[in-house]
Amino acid sequence: MLPVEGGWSAVVRVPATRSEEQLVLHLLEQEHVLVHPGYFFDFPSEAYLMVSLLPPTTVFGDAIERVLGAAAPTV
């Protein structure tokens, strides 16, 4: 996660294993997790996701594990 200066969301940099669009669609359709791709926020390159910091800790923890699992390179 990138350094936080406050706010209701955080930027997560993930491995560039697929396009942001493919990843966010996979997360929504298969993992039932909603995140925003970095290109919504004009990041200069791929592999950034915006996640909300509003869910309860247990919900956030479960969701971020699914995000990181989906973004991990396959061996």
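Treat the numbers as computed from the prediction; the structure is a model and nothing was measured.
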**Study point:** Verdict with supporting geometry, Phe60 and Val51, side chain to side chain contact (heavy atoms under 4.5 Å, CB included)
**Key:** CA-CA 9 Å; Phe60 179 83; Val51 299; 4.0 Å; yes

Exercise for review: Drop me the distance from Thr57's OG1 to Ile64's CD1, to the nearest 0.5 angstrom.
Suggested key: 12.5 Å

Review point. For Ser19, does its backbone N or O pair with a side-chain atom of Gln22 as donor and acceptor, under 3.5 Å?
Key: yes

Study note, to complete from the structure: So CG of Leu53 and CH2 of Trp8: to nearest 0.5 Å the spacing works out to 9.0 Å

Study note, to complete from the structure: Output for pair (Glu31 CD, Asp62 CG), nearest 0.5 Å, gives 9.5 Å

Check your understanding: Can you tell me how far the CD atom of Gln30 sits from the CG atom of Leu25, to the nearest 0.5 Å?
Key -> 10.5 Å

Check your understanding: Should His26 and Arg18 count as side-chain neighbours, where that means a heavy-atom distance under 4.5 Å?
Key -> yes

Exercise for review: For Val59 and Pro55, work out which heavy atoms get closest and say how close.
Suggested key: CG1-CB, 3.9 Å

Practice item. Go through the steps to decide whether Val11 and Met50 satisfy the test side chain to side chain contact (heavy atoms under 4.5 Å, CB included), and finish with yes or no. Key: CA-CA 5 Å; Val11 178; Met50 294 295 288; 3.2 Å; yes

Exercise for review: Rounded to the nearest 0.5 Å, what's the gap from OH on Tyr39 to CD on Glu20? Could you check?
Suggested key: 7.5 Å

Exercise for review: For residues Leu23 and Val67, determine if any side-chain heavy atom of one lies less than 4.5 Å from a side-chain heavy atom of the other.
Suggested key: no

Exercise for review: Search all heavy atoms of Ala47 against all heavy atoms of Pro15 and return the closest pair with its distance.
Suggested key: CB-C, 4.3 Å

Exercise for review: Fit a plane to each ring of Phe43 and Phe41, take the angle between them on a 0 to 90° scale, and name the class: parallel (under 30°), tilted (30 to 60°) or perpendicular (over 60°).
Suggested key: perpendicular

**Study point:** Minimum side-chain heavy-atom gap Leu49-Val24 below 4.5 Å
**Key:** yes

